[in-house]
Protein chains: 2
Amino acid sequence: MFKSVLIAEDQEFVNISLRKAFEDLGIREPGSAYYCDEALKKIKIGIRTGRPYELLITDLSFEEDHCVQELSDGMELIAAARQAQPDLKVLVFSAEDKPAVIERLFAVLGINGYVRKSRGDSQKLKDAIESIYKGSRYFPSDIRQAIKQKNAYAFNEFEILIIRLLSQGKTQKEIPCYLQENKIYPQSLSSVEKHLNNIKTVLGFSNNEQLIAYCKDMGII
Amino acid sequence: MFKSVLIAEDQEFVNISLRKAFEDLGIREPGSAYYCDEALKKIKIGIRTGRPYELLITDLSFEEDHCVQELSDGMELIAAARQAQPDLKVLVFSAEDKPAVIERLFAVLGINGYVRKSRGDSQKLKDAIESIYKGSRYFPSDIRQAIKQKNAYAFNEFEILIIRLLSQGKTQKEIPCYLQENKIYPQSLSSVEKHLNNIKTVLGFSNNEQLIAYCKDMGII
DNA sequence: CGATTCTTTATGGGAAACCGTAGAAGTACG
DNA sequence: CGTACTTCTACGGTTTCCCATAAAGAATCG
């Protein structure tokens with residue numbers, strides 16, 4: 001079993017009971033951090049002192065407070081941690097349920113496991129740790145299914161960009177200028193229109209407002 | 001101090017450590033539920049057997065699973081609980097940070113306290129319970145401030161309705177028909193336009209897409 | 001290389017949204 | 001009752017968006 005794990009979690013109740021759960025699993029004195037920066041620092045110290053952590057278990061959202069932080073959320077922490085220590089295993093423990101967000105964690109950040117905070121999460125966490133220790137990923141089938149069902153349309157980068165620009169207040173007409181300035185292809189208004197129209201047709205939406213609402217719910221933007 | 005409290009929380013880690021925290025406060029055997037329906041049932045039993053709960057501490061979001069439930073989230077639970085037992089004190093313990101949602105909890109549901117799951121939540125929870133026991137509300141000033149700062153514009157019911165209709169795919173032009181059918185005033189397209197325009201001017205938004213994104217982030221829709 | 005297919009771009013007509021104006025209806029108050 | 005004020009409604013001109021069509025350019029494949 002893992003010998004040294006690090007917990008990054010700002011909810012005090014959860015942080016404490018996670019620590020206790022690990023001690024019950026025979027992992028003594030798991031590292032614990034309430035801030036992302038704090039967690040990264042501990043990881044770097046672990047590397048430097050020749051006692052690197054084997055597993056990072058982290059939440060995604062961390063509350064902002066008076067202490068200004070470099071890393072503002074779990075995704076940034078994971079990216080920074082992996083850069084510092086590429087072989088570090090990462091298990092995300094979060095209440096997040098947006099399909100697109102969870103999918104990105106596996107696809108882009110290459111996490112080793114995801115457990116949703118919910119009923120029976122303590123058993124799932126144990127299973128996940130075991131799976132990861134054995135070298136396999138832990139991607140619960142119910143979440144995988146939810147992603148498939150809900151994420152009917154596979155948005156590409158370009159589409160996500162124009163949707164994000166719209167949601168930031170750019171008008172459709174202004175978008176071609178932005179694309180030209182940033183040398184992003186395609187650039188024409190026609191293409192922007194066509195992509196938006198295609199998405200709306202496939203998903204059965206009748207206006208941009210509905211599309212924005214959908215993307216917000218799914219965590220796409 | 002309270003003699004009987006009920007915990008409604010589906011995250012196992014949190015549920016267990018909440019129970020432990022109450023026992024440390026001298027409240028023996030706090031009730032505990034992992035489903036909203038289960039919580040309501042326990043409240044009703046408490047009334048019937050002459051041993052009603054004094055305090056309900058509940059999360060807002062509950063995971064859906066194979067067990068089909070009548071009540072799907074904490075807000076519905078609170079409403080139902082208050083209907084069954086109007087004098088029940090309610091403390092919400094959630095990770096929710098959308099200003100509009102928290103505000104509604106106090107304004108519409110009349111909850112007695114709100115503690116956000118975050119750093120130092122265990123101390124805040126103790127403070128909240130004490131405040132509520134003494135008969136005053138627990139509405140942390142930092143949250144109150146965040147609501148004031150972020151919620152620059154006070155949306156009225158009519159405005160929220162038309163924003164919601166837009167986000168559900170109704171075109172601006174179709175909305176007057178809907179308003180007429182449901183006998184909601186004002187009904188004219190002009191009024192719909194005028195309200196939307198006013199909101200966007202005040203908030204400095206340039207299109208409906210940006211407005212929808214904002215309302216989603218704030219929890220207004 | 002040519003043929004096919006897909007994507008990007010250009011264009012224009014029609015629909016919807018935007019915006020200002022003006023009149024009608026409702027409300028508050030002396 | 002009249003005046004001032006606000007809100008709602010109706011209308012028209014302008015802009016933006018929507019959508020179909022067609023041409024130009026890139027990718028694939030025999």
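Proteins come first, then strands; the chains are lettered A, B, ... in the order of their sequence lines, and each starts at number 1.
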Applying side chain to side chain donor-acceptor pair (under 3.5 Å), run through B/Asn198 and B/Glu159 and close with a yes or a no. CA-CA 10 Å; B/Asn198 185 249; B/Glu159 289 164 347; over 6 Å; no
Is B/Ser191 close enough to D/dT9 that one of its side-chain N or O atoms is under 4.0 Å from OP1 or OP2 there? yes
If we only count heavy atoms from C-beta on, is the A/Leu88 to A/Tyr53 side-chain gap below 4.5 Å? yes
Would the base of D/dC17 count as contacting A/Glu193 through its side chain, where contact means a donor and an acceptor less than 3.5 Å apart? no
Separation of A/Leu189 atom CG from D/dT16 atom C1', in whole Å? 10 Å
Are the side chain of A/Glu96 and the backbone N or O of A/Lys98 linked by a donor-acceptor pair below 3.5 Å? yes
B/Asn207 atom CG is separated from D/dT16 atom C1', nearest whole Å, by 11 Å
To the nearest Å, how far apart are B/Phe158 CZ and D/dT9 C1'? 12 Å
Name the nucleic acid region contacted by A/Gln172, choosing base, sugar-phosphate or nothing; use a 4.0 angstrom heavy-atom cut-off, strictly under. sugar-phosphate
For the side chain of B/Gln187 and the backbone of B/Pro176, is there at least one donor-acceptor N/O pair under 3.5 Å apart? no
By nearest-nucleotide position on DNA chain D, the 5'-leaning member of B/Gln187 and A/Leu166 is B/Gln187
Side-chain N,O (A/Ser190) to OP1/OP2 (C/dT9) below 4.0 Å: no
Considering just the side-chain nitrogens and oxygens of A/Asn197, establish if one lies under 4.0 Å of OP1 or OP2 belonging to D/dC18. no
Which word best sums up how the rings of B/Phe106 and B/Phe139 line up, parallel for under 30°, tilted for 30 to 60°, or perpendicular for over 60°? parallel
Calculate the interatomic distance between B/Asn208 atom CG and C/dC18 atom C1'; express it in whole Å. 10 Å
What is the distance from NZ of A/Lys200 to P of D/dC17, rounded to the nearest Å? 10 Å
Using whole Å, report how far NZ of B/Lys194 lies from P of C/dA17. 19 Å
Return the value, rounded to whole Å, for the distance between atom CG of B/Leu196 and atom P of C/dC19. 11 Å
Measure NZ/A/Lys173 against P/C/dC18 and give the value in whole Å, please. 14 Å
Taking only N and O in the side chain of B/His195, is any of them less than 4.0 Å away from OP1 or OP2 of D/dC8? yes
